[in-house]
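To start, the structure itself, in structure tokens.
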Protein chains: 2
Amino acid sequence: MTDFNSDLFKTIIPEGRGNTSEEVVSQLREMIHRGELHPGDRLPPERDLAKLLGVSRPTLRAGIRSLSAVGILQSRQGAGTFVVQSEGPPQLDSSPLRLMASLHGFTSAEMFEARQSLEMAIAGLAAERATGDQMASMAEEVTGMFASLDEPEQFLVHDMRFHQTVAAASGNRILTALMNMVATILFDARRKTVKHATDLKESAEMHRKIYRAIREHSPEAARLTMRDHLMLAQRAQEAEGIDYSDAADVAGNGDGADANPAT
Amino acid sequence: MTDFNSDLFKTIIPEGRGNTSEEVVSQLREMIHRGELHPGDRLPPERDLAKLLGVSRPTLRAGIRSLSAVGILQSRQGAGTFVVQSEGPPQLDSSPLRLMASLHGFTSAEMFEARQSLEMAIAGLAAERATGDQMASMAEEVTGMFASLDEPEQFLVHDMRFHQTVAAASGNRILTALMNMVATILFDARRKTVKHATDLKESAEMHRKIYRAIREHSPEAARLTMRDHLMLAQRAQEAEGIDYSDAADVAGNGDGADANPAT
DNA sequence: AGTTAAAGATTGGTCAGACCTTTGTCCGGC
DNA sequence: GCCGGACAAAGGTCTGACCAATCTTTAACT
């Protein structure tokens, strides 16, 4: 069913203007816009596709590279190039934001505040829309937190999943993606100092309050509770030295896992 | 000015594992993290840099390409490769979001809602923090709107600048960047149907209300007024056929629209 | 002398062809 | 029937070259 008739990939018109590789990007982008490429689809081999588009392979590769960088495509040596298919909610790459943070010296307070604003909005929406299943998932994660008060690593997993679930319940995938962008950076930073368990009990308690507010369908309560929770989390995390700087893996080829400070 | 002693660009260790070009990306990213590269800086020529990093030119180009795609670097033929320097607030490329919208079929309602949430948060913060200068800029834009009720194109410019100014007044560059990401897509869509002026008067009136709430330092009022404004805007825009699809320019050094004429 | 226009050097953009590494599949041996 | 090796497919990298846009320098002209 993956018959790529050469109809789909039309030869790139000369169009003298602009970079040829940008044309490739546009071409591929438009195919996505037109709905000719779906998540999970595999593109034709580079050599073939280059011929179809009428460009050289390096140029085509440059275009593919651009789309890979923004998380739309993904290449696997020996296998092929695929349209990214994220199982969960759509993901936006957080590395641009991370780079921007370094480049412009964003303060950690700014990042926390951004997350707070996003999560408050999300919590409010979730309180209006959460389904029974979603609320059950939240309850489960809260339970998981209480069950892992002595295992910070495990606790963090439940923490993240809880927020994920709330985001899903908000029904807005865009806000979810944006929130993840910011939260990922903060979680990465936290993972490094997670060993010192700081008030996990209280944190779990706050998550339960959030859950309850959502269950009661009280948007305002959910917002305020979420705000308090994140303010507390911020204070806890800032008490330790944070630095949301480097993070080797982005696309998830979790190879190294060598988070040790070799410096 | 920036003498690039070969000390900065250390040769990439063999590290057999993983893509070589990803190593280049990491190398450059770390240099940014470490603060060795600043906005506006120019990188060494590709040929030299490739030699310094110990990779071939195509590989280096692949790495540069990745960083260009996420808006960190920018290459100009004949001139060089530069670290992007946006005069205004830092910008995040909106094309990933746009692509994701096409790929997963985001509804326009979802996008409006995301923008609404972001702008409400921003308006609230702005009401707490706006300086006199910033409020003056807002007033100016509102005046501009009333002055261009018969020129939809011009009205739109003031509209955008007003929101920009409010975002700047929020003091949170991350929220600002995220909001721009979403708003850009909606504005692009609107630009296409801007000819039919729909209730510009009422829109201007609402902007003035927002301005007043901010001037009075009433976060809640600002939030609510912003919410009403955007709900109205959504309804107006949805009355016409929208499609937030294509948009040629992406990395275009979107100069225009600096919202601080008199600093 | 100052200004402008042309020539040269610099630098990113593209292309061609080749080879390597990884992945996936198929077939034969156990 | 299961497993492992061989072969093919596909992306990753490299060398080397040439083109096109840009910047710089120089020289001619006013």
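The shortest distance between the side-chain N/O atoms of A:S75 and the OP1/OP2 oxygens of D:dA10 is not below 4.0 Å. At the phosphate of C:dG13, neither OP1 nor OP2 sits under 4.0 Å from any side-chain N or O atom of A:T59. In this structure, B:S21 does not reach the D:dG12 phosphate: none of its side-chain N or O atoms is under 4.0 Å from OP1 or OP2.
Distance A:F82 CZ to C:dT23 P: 12 Å, rounded to the nearest Å. Taking atom CZ of A:R61 as the reference point, atom C1' of C:dA16 lies 15 Å away to the nearest angstrom. At whole-Å resolution of the value, CG in A:L60 and P in C:dA16 are 13 Å apart. Distance B:Q77 CD to D:dC19 C1': 8 Å, rounded to the nearest Å. Whole-Å rounding puts the A:L43 CG to D:dG11 C1' distance at 13 Å. One atom, CD of A:E22, and another, C1' of D:dA21, lie 16 Å apart when rounded to the nearest Å. One interatomic measurement links the two molecules: CG of A:L53 to P of C:dT14, which rounds to 14 Å at whole-angstrom precision. Distance, B:E23 CD to D:dC14 P: 12 Å, rounded to whole Å.
Taking every side-chain heavy atom of B:T20 into account, D:dT13 is the closest of D:dA10, C:dG12, D:dT13. The side chain of A:S56 sits closest to C:dT14 out of C:dG13, C:dT14, D:dC14. Comparing D:dT13, C:dG12, D:dA10 by their closest approach to the side chain of A:R42 singles out D:dA10.
With the nearest nucleotide of DNA chain C identified for both A:R47 and B:R47, B:R47 has the one nearer the 5' end.
Residue contacts for B:P58: at a heavy-atom cut-off of 4.0 Å it reaches a base atom on one of the strands shown.
With sequence neighbours left out, the side-chain contact (heavy atoms from CB on, under 4.5 Å) criterion links A:A79 to A:R76, A:F82. Every side-chain contact (heavy atoms from CB on, under 4.5 Å) that B:V25 has, sequence neighbours left out, goes to A:R65, B:E22, B:R29, B:S66, B:L67. Remark: A:S75 engages A:T81 in a side-chain hydrogen bond (donor to acceptor under 3.5 Å, both in side chains) (not counting sequence neighbours). Taking B:V84 as the reference, B:Q74 meet the side-chain contact (heavy atoms from CB on, under 4.5 Å) condition, with sequence neighbours excluded. For A:R47, there are no salt bridge (charged side-chain N to carboxylate O under 4.0 Å, His left out) partners two or more places apart in sequence or in a different chain. The salt bridge (charged side-chain N to carboxylate O under 4.0 Å, His left out) check on A:R161 picks up A:E141, with sequence neighbours excluded. Evaluation of the salt bridge (charged side-chain N to carboxylate O under 4.0 Å, His left out) rule for A:E113 yields B:R129 as partners, not counting sequence neighbours.
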Between the protein and nucleotides 23-25 of chain D, which nitrogen or oxygen pairs come in under 3.5 angstrom?
{"unit_1": "D:dC23", "atom_1": "OP1", "unit_2": "B:R76", "atom_2": "NH2", "d": "3.1"}

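Counting only Watson-Crick or G-U wobble pairs whose defining distances are both under 3.5 Å, the stems of 3 or more consecutive pairs in DNA chain C are C:1-30 with D:1-30.
In the model, B:N180 has a side-chain atom that pairs as donor or acceptor with a side-chain atom of B:Q164 under 3.5 Å. A donor-acceptor contact under 3.5 angstrom links the side chains of A:D93 and A:S95, judged on distance only. Defined by atom type and a distance below 3.5 Å, a donor-acceptor pair is present between the side-chain atoms of A:Q134 and A:T131.
On a pure distance criterion of 3.5 Å, a polar donor-acceptor pair joins the side chain of A:R57 and the base of D:dG12.
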